[in-house]
Amino acid sequence: MKLSPRLVGLGALAALLATACAPQTSGNTSSDKDEKTGTLRVWLFQEVGNTPKEKVVDSVVADFEKAHRGTEVSVEYIPIDTRAQRVKAAFNDPASAPDLMEYGNTDTAGYVKDGGLLDVTKEFGDWSEAKDTDPTARQSVTVDGKVYGAPLYVGVRALYYRTDVFEELGLSVPRTMAELASTAREIRAAKPELYGLVVGGAYTYGAMPFVWANGGELATGKGGSYASGIDSPKARKGIEAYTSLFGDDNCPAAKCAGMGGNDTISAFAAGKAGMAIGGDFSHTAVEAGKVKGKYAVVPLPGVKPGSIAPAFAGGNNIGVLKSTSHRTLAVQLMERLASKRTQAELFDAMGFLPTFTDVRRQVAREEPFVKPFVETLSAGTKFVPASPGWAQIDSQLVLPTMFQEVISGKKGVARASEDAAKKMNAAFGSAG
């Protein structure tokens with residue numbers, strides 16, 4: 001997709017404003033310094049097929065360094081799966097912490113409670129582009145009415161499938177979750193070298209649509225007070241539906257139980273699966289794989305024919321750490337990295353859906369592959385409990401452990417979900 005002249009103009013204007021007017025500080029940094037030169041350290045997530053992302057970031061960094069003499073930007077790409085340990089260490093040791101970091105939108109409340117993120121409410125309010133931010137995306141950086149970063153992209157998952165395999169075997173695209181399971185097994189039976197639907201025991205957000213589509217919930221409550229719902233009868237039905245896909249007739253437990261989301265997309269892109277649950281952000285990796293030109297994407301079907309399974313409203317944000325000694329520069333770089341121009345370029349490079357409504361409308365018009373993901377967003381999405389306890393639940397791998405216990409046969413669905421619920425409730429309780 002070519003970047004429109006209008007968006008180029010907006011990006012250039014934002015860049016000029018960023019260099020001409022330094023944002024006013026609100027005095028809530030834990031550092032008493034606001035150095036205007038030196039090295040800014042940035043942590044971003046390592047993606048499957050990360051090179052296109054690096055090129056976009058390198059361009060932003062080069063422009064930023066050119067506009068700020070005496071300033072250098074050092075970018076490190078960290079594994080998503082080990083982010084919890086890295087971030088915890090950074091919060092405990094400010095000297096080794098980055099100035100900015102990319103973080104999952106599910107981590108916001110926990111990071112704020114830990115005192116790690118800088119309150120940028122005023123700067124976000126003064127940022128001219130912020131008015132076009134999707135309300136849900138803005139909510140993902142907001143805790144108790146204060147803003148702690150800028151949305152970077154929004155992501156939802158849908159069903160990738162091999163058009164060549166479906167054509168060869170005379171298969172129809174599944175319209176229900178039951179058809180999804182039977183189609184997966186049919187593919188595996190006809191082509192034992194393939195996973196039918198590649199699934200992962202450590203792929204929480206690939207599993208949750210099965211729970212939500214069956215009427216289950218992660219938790220119930222509001223206002224910071226939550227109780228786990230993962231052991232309810234409806235949630236258990238969804239757990240059973242997902243874990244039943246792990247077997248020699250689809251995705252052998254020995255190989256698939258330990259897989260995460262990136263693993264499943266890598267397998268699909270490598271031509272090892274007939275179907276996979278992947279995000280809009282997975283598009284570039286799939287396009288770079290062996291299945292290029294031989295796949296399509298549709299919304300993940302729900303329980304009823306023609307319905308769409310609720311998807312997790314995922315995505316990432318970028319924020320400034322409270323410990324930064326370069327507050328003004330860090331906020332300016334945050335706005336550059338999360339700007340309309342950069343988000344449009346990240347869409348071109350990686351398929352990340354922009355968080356700005358006007359930019360998203362434009363890319364949806366110009367790129368057909370966006371359609372199933374926009375349809376999924378429109379059908380209704382789900383989010384994790386807005387509790388600091390979620391970060392603990394996530395880092396302790398409570399849900400992956402539950403799925404893996406069922407997959408391995410160590411525990412039944414009832415006991416595994418009951419034990420997971422106890423751990424979740426303990427985390428919610430400790431969060432206050």
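Predicted model, so just to flag it, every value in this text is computed and none were measured. As a basis for the values below, the full set of heavy atoms in this structure was taken, side chains included, without hydrogen atoms, waters or symmetry mates.
Heavy atoms from other residues, nucleotides or ligands lying under 6.0 Å from CD of E167 number 12 at most. Other residues, nucleotides and ligands contribute at most 12 non-hydrogen atoms within 6.0 Å of the NZ atom of K237. When the shell of 6.0 Å around NZ of K88 is examined, it contains 12 or fewer heavy atoms from other residues, nucleotides or ligands. Surrounding CG of D93 are more than 12 heavy atoms belonging to other residues, nucleotides or ligands, all under 6.0 Å away. A 6.0 Å sphere centred on CD of Q139 holds no more than 12 heavy atoms belonging to other residues, nucleotides or ligands. The 12-atom threshold is exceeded at CZ of R86, counting heavy atoms of other residues, nucleotides or ligands nearer than 6.0 Å. Sparse packing is recorded around CD of E72, with 12 or fewer heavy atoms of other residues, nucleotides or ligands lying under 6.0 Å away. Within a 6.0 Å sphere centred on CG of D81, other residues, nucleotides and ligands contribute 12 heavy atoms or fewer.
Contact annotation: the side chain of P310 never approaches that of T381 to less than 4.5 Å [non-hydrogen atoms, C-beta and beyond]. In this structure, L300 and T376 have side chains that are not in contact, with every pair of non-hydrogen atoms separated by 4.5 Å or more. F246 has its side chain within reach of V199: a pair of non-hydrogen atoms, C-beta onward, lies under 4.5 Å apart. Proximity of N425 to Y226: side-chain heavy atoms (C-beta onward) are nowhere separated by under 4.5 Å. A 4.5 Å side-chain heavy-atom check between P299 and L159 finds every atom pair outside the cut-off. Side-chain contact between V42 and S74: absent, with no pair of heavy atoms (C-beta onward) separated by less than 4.5 Å. Counting heavy atoms from C-beta on, the side chains of T176 and V303 never come closer than 4.5 Å. Proximity of E54 to S59: side-chain heavy atoms (C-beta onward) are nowhere separated by under 4.5 Å.
Taken to the nearest 0.5 Å, the CG atom of L152 stands 7.5 Å off from the OG1 atom of T355. Interatomic distance, CG of N105 versus CG of D107, reported as 8.0 Å (0.5 Å rounding). Rounding to the nearest 0.5 Å gives a distance of 9.5 Å between CG of D248 and NZ of K255. Put simply, CZ on F383 and CG on L218 are 11.0 Å apart, with the number rounded to the nearest 0.5 Å. Residue I318 holds its CD1 atom at 4.5 Å from CG of L337, rounded to the nearest 0.5 Å. Rounding to the nearest 0.5 Å gives a distance of 6.0 Å between NZ of K191 and CG of L169.
Minimum heavy-atom separation, V198 to A276: CG1-CB, 3.5 Å. Taking each heavy atom of T163 and Y295 in turn, the nearest pair found is OG1-N, 3.4 Å. Scanning both residues, A416 and E405, for their nearest heavy atoms gives CB-OE1, 3.9 Å. The nearest pair of heavy atoms linking W127 to A338 is CH2-O, 3.6 Å. Heavy atoms only, all atoms of each residue included: A273 and L194 are closest at N-CD2, 3.9 Å. For the residue pair A270 and K290, the shortest heavy atom distance occurs at O-CD, 3.5 Å.
In terms of modelled atom types and a separation under 3.5 Å, the side chain of N92 and the main chain of A89 share no donor-acceptor contact. The main-chain N or O of L180 is never found under 3.5 Å from a side-chain atom of T183 such that the two would form a donor-acceptor pair. Under a 3.5 Å cut-off, the side chain of T284 and the backbone N or O of M350 do form a donor-acceptor pair. The backbone N or O of K304 lies less than 3.5 Å from a partner atom in the side chain of S307, making a donor-acceptor pair. Although no hydrogens or angles enter the test, the distance criterion places no donor-acceptor pair under 3.5 Å between the side chain of N214 and the main chain of G216. Judged purely by atom type and a 3.5 angstrom limit, S395 uses its side chain to pair as donor or acceptor with the backbone of A391. One N or O on the side chain of T243 and one on the backbone of I239 form a donor-acceptor pair closer than 3.5 Å. Formation of a donor-acceptor pair under 3.5 Å by the D419 side chain with backbone atoms of M402 is not found in this model. Formation of a donor-acceptor pair under 3.5 Å by the D394 side chain with backbone atoms of W390 is not found in this model. Side chain of Y148 to main chain of A109: no donor-acceptor pair is present (N/O by atom type, distance under 3.5 Å, no hydrogens or angles).
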Going through the distances and angles, do L44 and I78 end up as a side-chain contact (heavy atoms from CB on, under 4.5 Å)?
CA-CA 6 Å; L44 300 177; I78 65 173; over 6 Å; no

Checking side-chain contact (heavy atoms from CB on, under 4.5 Å) for the pair I187/M275: CA distance, chi angles, key distance, verdict?
CA-CA 9 Å; I187 292 171; M275 296 181 288; 4.2 Å; yes

Checking Y161 against F166 for the ring pair (Phe, Tyr, Trp, His ring centres under 6.0 Å) test, could you report, in this order, the C-alpha distance in whole Å, the side-chain angles of both residues, the deciding distance, and whether it holds?
CA-CA 8 Å; Y161 70 96; F166 272 62; 4.9 Å; yes

Under the salt bridge (charged side-chain N to carboxylate O under 4.0 Å, His left out) criterion, do R157 and D280 qualify, and how do the steps go?
CA-CA 6 Å; R157 292 164 177 82; D280 51 275; over 6 Å; no

Going through the checks in order, is the side-chain contact (heavy atoms from CB on, under 4.5 Å) test met by E186 and S182?
CA-CA 6 Å; E186 193 169 348; S182 62; 5.9 Å; no

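Ring geometry for F369 versus H283: interplanar angle under 30°, hence parallel rather than tilted (30 to 60°). Taking the six-membered ring where the residue is Trp, F312 and W212 present parallel rings, their angle staying beneath 30° rather than reaching 60°. Ring planes of F268 and Y160: perpendicular class, angle over 60° (limits at 30 and 60°).
With respect to R162 and D164, a salt bridge is recorded, a charged nitrogen being found less than 4.0 Å from a carboxylate O. Taking a cutoff of 4.0 Å between a charged side-chain nitrogen and a carboxylate oxygen, E217 and K382 qualify as a salt bridge. At a threshold of 4.0 Å, the pair K53-E102 counts as salt-bridged, since one of the basic side-chain nitrogens sits closer than that to a carboxylate oxygen. Look at D231 and R415 and you find no salt bridge, because none of the NZ, NE, NH1 or NH2 atoms lies under 4.0 Å from a carboxylate O. Of the charged side-chain nitrogens involved, at least one lies within less than 4.0 Å of a carboxylate oxygen, so that R185 and D249 count as a salt-bridged pair.
Under the side chain to side chain contact (heavy atoms under 4.5 Å, CB included) rule, S228 has a single partner from K422, M424, K423, E418, which is M424.
A side-chain donor-acceptor contact under 3.5 Å links Q392 and S430. Side-chain contact, S266 with D263: no donor N or O sits under 3.5 Å from an acceptor N or O. Inspection of the S417 and R236 side chains reveals an N or O donor paired with an N or O acceptor under 3.5 Å. If you check the side chains of E129 and S339, you find no donor sitting under 3.5 Å from an acceptor. Between the side chains of R360 and Y153, no donor-acceptor pair is found at a separation under 3.5 Å.
The six-membered or imidazole ring of F91 lies near that of Y111, with a centre-to-centre distance under 6.0 Å. Aromatic ring centres of Y77 and F45 lie farther apart than the 6.0 Å criterion allows.
Both tests hold for K340 against F356: distance to the six-membered ring centre under 6.0 Å, angle to the ring axis within 45°.
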